[in-house]
Amino acid sequence: GKRVKGCQIFRPFVYGTTARPFDDKTNPKPPGVPDDHTHSWQVFVKGVDDTDITYWLRRVQFKLHESIPNHVRMVESEKGKAFSVDETGWGEFEITVKLYYVSESGEKPQTLYHHLRLHPYGRTDAEKEAMRANGEVVAWTYEEQLFNEPYDAFYEVLTTG
Ligand code: SLL
């Protein structure tokens with residue numbers, strides 16, 4: 001196929017983690033979760049406002065800390081659904097997020113890095129307090145995926161999908 005010269009297409013997406021401390025009332029620890037685990041958390045890649053991104057993103061590999069059983073997780077696309085992994089644990093670490101694009105794109109996979117946050121963080125006490133009040137620690141990054149001079153078949157997918 002040919003590339004569409006001079007054409008740049010941007011698609012917004014969000015990736016990151018949401019964590020919650022275990023707590024008998026609002027987030028009880030499920031049976032079988034080890035005693036030393038203090039939080040449940042999710043790592044994800046999704047469209048902004050949950051818009052579908054599976055027409056350009058085919059699968060996502062999440063590489064978690066080696067202390068976690070089966071720490072390399074490949075998540076295939078399901079139309080309209082986020083790419084995500086739910087886990088429990090006690091510590092923060094860096095997650096490697098590898099994006100695999102749909103085959104029409106001809107694009108090589110791209111790697112992102114995300115630091116899992118379990119504890120409230122921020123520049124000010126007010127920022128930390130707001131996270132504590134909400135009961136969730138949200139660490140999300142808004143990104144734009146750039147497709148530079150896409151192949152014409154992929155251009156079709158991007159603009160009609
Ligand atoms: C730390 N550098 O020392 C980090 C490592 C590892 C976190 C954190 C284990 C989960 C499981 C878990 O939470 N590991 O056993 O499934 O803080």
Side-chain angles (χ1 to χ4, degrees), residues 10-148 161:
F10 295 87
R11 288 292 175 264
F13 68 101
V14 202
Y15 68 97
T17 49
T18 305
R20 227 171 222 293
F22 285 122
D23 144 3
D24 290 340
K25 286 201 188 70
T26 62
N27 189 26
K29 193 185 270 198
V33 172
D35 280 349
D36 62 346
H37 287 197
T38 53
H39 290 72
S40 60
W41 53 265
Q42 181 183 71
V43 59
F44 67 85
V45 177
K46 66 187 186 77
V48 174
D49 296 328
D50 298 315
T51 52
D52 184 52
I53 57 172
T54 61
Y55 64 93
W56 59 265
L57 192 58
R58 180 166 57 127
R59 58 184 189 213
V60 178
Q61 185 200 67
F62 297 96
K63 199 179 275 180
L64 313 176
H65 193 267
E66 290 170 22
S67 61
I68 298 172
N70 202 356
H71 75 287
V72 182
R73 310 283 177 90
M74 187 66 94
V75 180
E76 302 291 332
S77 71
E78 259 184 85
K79 194 168 162 57
K81 273 193 61 183
F83 297 85
S84 65
V85 168
D86 290 283
E87 263 303 339
T88 64
W90 50 265
E92 301 185 343
F93 54 89
E94 186 165 77
I95 300 175
T96 305
V97 178
K98 196 165 175 184
L99 306 181
Y100 293 82
Y101 304 97
V102 297
S103 51
E104 299 94 311
S105 73
E107 299 280 345
K108 290 197 290 275
Q110 187 189 194
T111 302
L112 309 170
Y113 299 92
H114 175 77
H115 189 80
L116 167 64
R117 299 274 191 178
L118 300 183
H119 305 290
Y121 65 96
R123 280 155 310 202
T124 63
D125 288 345
E127 282 175 353
K128 290 179 216 171
E129 205 37 61
M131 286 199 198
R132 224 167 249 128
N134 183 256
E136 270 184 352
V137 174
V138 164
W140 296 5
T141 302
Y142 286 77
E143 262 301 348
E144 269 191 307
Q145 174 67 53
L146 164 66
F147 296 109
N148 191 41

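Note that ligands are numbered from 1 as they come in the structure, with each ligand's atoms numbered from 1 the same way. Note that the coordinates shown come from a computational prediction; the quantities given were computed from them, not determined experimentally.
Contact annotation for Pro69 and ligand 1: only side-chain heavy atoms (C-beta onward) come within less than 4.0 Å of the ligand.
Interface atoms of ligand 1 facing Ser67, defined by a heavy-atom separation under 4.0 Å, are 6 (C), 7 (C), 9 (C), 11 (C), 12 (C), 14 (N), 15 (O). Atoms of ligand 1 found under 4.0 Å from any heavy atom of Glu92 (numbered from 1 in listed order, with element): 2 (N), 4 (C), 5 (C), 8 (C), 17 (O).
Considering backbone and side-chain N/O atoms, His65 never comes within less than 3.5 Å of an N/O atom of ligand 1.
A parallel orientation is assigned to the rings of Trp56 and Tyr101, their planes being inclined by less than 30° (bins at 30° and 60°).
Side-chain atoms of Thr17 and His114 form a donor-acceptor pair, as typed in the model, at a separation below 3.5 Å.
Looking only at protein heavy atoms, the nearest one to atom 13 (O) of ligand 1 is Trp90 N, 2.9 Å. The shortest contact between atom 10 (C) of ligand 1 and any protein heavy atom is with His37 NE2, 3.5 Å.
Counting heavy-atom neighbours within 6.0 Å of Glu144 CD, excluding the residue itself, gives a total above 12.
Considering all non-hydrogen atoms of both residues, Ser84 and Phe44 come closest at CB-CB, 3.9 Å.
Tyr100 carries Arg59 over the face of its six-membered ring, with the cationic atom under 6.0 Å from the centre and within 45° of the normal.
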